[in-house]
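Here the structure is laid out as structure tokens; the discussion comes afterwards.
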Number of protein chains: 2
Amino acid sequence: MNKYISDIYNSLQEIAWHFGSHGVNGECCGDLSFVEYMALKKVYEKNELSVQEIGNALNFTKSGATRIIDRLEDKGYAVREHSLTDGRVCCIAITDKGKEAIKEISQKYTTYLEDALKEVSPLKINEIKDILEILLRAVQQKEAI
Amino acid sequence: MNKYISDIYNSLQEIAWHFGSHGVNGECCGDLSFVEYMALKKVYEKNELSVQEIGNALNFTKSGATRIIDRLEDKGYAVREHSLTDGRVCCIAITDKGKEAIKEISQKYTTYLEDALKEVSPLKINEIKDILEILLRAVQQKEAI
DNA sequence: TTATTATAGTTGATGACGTCAACCAATTCA
DNA sequence: TGAATTGGTTGACGTCATCAACTATAATAA
């Protein structure tokens, strides 16, 4: 086995901590928690997701997903609409306020990263991007199995 | 601004989710939660940490840290010892069972990663390791400010 | 030395959160 | 049409981290 794998694992875990729910100090942006933000981002990327699809995407039970959507809806970031083809399913849609929030948070983190990486050469930045995409594909592929 | 930064941000966030508390399904290994594991890992890496040092390292309040140590102690992974130089501080030490658990979890994730990256060339693996270290240093440096 | 202040850690009350099981409603299948 | 399935919601519950108040030890000042 490649001896670097465990180094990779360690770095990855530390980085995950930084960008996860605790690293960002429990709140992402105003009144959005990290999980709420992740759910909203899913809706943003792929509009009209059902409750369960969100739950599956984020490893929550369907009742957990219901609760997350509840909060998102209470705060005005998303709305539930009924599917036209199947009366049981809810299509979750993002509101304008929700889109705003996503953009704002995205901007915030990007600025943060930009600053953190200001000493790194553009070439290296490009390399980081490629490497992370390889890594992400690798774990997502494994997830899918 | 480098246009790849936001790609990096996106990948990073997805990866963080995978390796964070939700990705690993709420439990790391047996009865350890992700935060408990992170705390234990800190103690493992740098023995004899105080309660507050653990709290600071992981972005918890001191009472939050107390509770985490409580759980770790209840489960037999760590012990509280009194500092010889200052009667107020607790030195948290890892037990043999704790060391075992850390090794086991480490092994588990390493195996997972090894499998996820089995199609990636050794050269690329090496590159991944370097890149992640650059990234980690960058965010840790920023944290320190 | 004694009184005051600061610091490390713990604890009770609390609120946020996700799960489970039971449930309702819409749909599909027989 | 009736039974089974599926999507979603809800009440009860357990876990968890925080806040504020508190104890105990240490450091500082008088």
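Computation of the quantities below employed the complete heavy-atom set of this structure, encompassing side-chain atoms and omitting hydrogens, waters and symmetry-equivalent molecules. None of the values given here were measured: they were computed from a predicted structure. Below, chains carry the letters A, B, ... as their sequence lines are ordered, and counting in each starts from 1.
- Here side-chain hydrogen bond (donor to acceptor under 3.5 Å, both in side chains) pairs that include residues 47-56 of chain B, with residues two or more places apart or in two chains, are B:S50-B:E53.
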For nucleotides 8-14 of chain C, read 5' to 3', which letter fits each nucleotide if B means a protein heavy atom sits under 4.0 Å from the base, S means only the sugar-phosphate is that close, and - means neither? BBBBBB-

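- Sequence order on DNA chain D of the closest nucleotides to B:T85 and B:I68 puts B:I68 first from the 5' end.
- Residues meeting the side-chain contact (heavy atoms from CB on, under 4.5 Å) test with B:E14, sequence neighbours left out: A:M38, A:K41, A:K42, A:L136, A:Q140.
- Looking at which nucleotide of DNA chain C each of A:G87 and A:E36 is closest to, the 5′-most match is held by A:E36.
- The side-chain contact (heavy atoms from CB on, under 4.5 Å) check on B:A138 picks up A:A116, A:L117, with sequence neighbours excluded.
- For the ring pair (Phe, Tyr, Trp, His ring centres under 6.0 Å) test, no residue two or more places apart in sequence or in another chain qualifies with A:Y37.
- Listed by chain and residue number, nothing satisfies the ring pair (Phe, Tyr, Trp, His ring centres under 6.0 Å) test with A:Y44 (two or more places apart in sequence, or in another chain).
- Applying the side-chain contact (heavy atoms from CB on, under 4.5 Å) test to B:R88 and every residue at least two apart in sequence or in another chain returns B:D86.
- Here chain B contacts DNA chain D (any atom closer than 4.0 Å to a heavy atom, that is under 4.0 Å), and the contacts span D:dC16 to D:dA26 from 5' to 3'.
- A donor-acceptor contact closer than 3.5 angstrom links the side chains of B:Y77 and B:D31.
- For B:R67, the side-chain contact (heavy atoms from CB on, under 4.5 Å) partners two or more places apart in sequence, or in a different chain, are B:R71.
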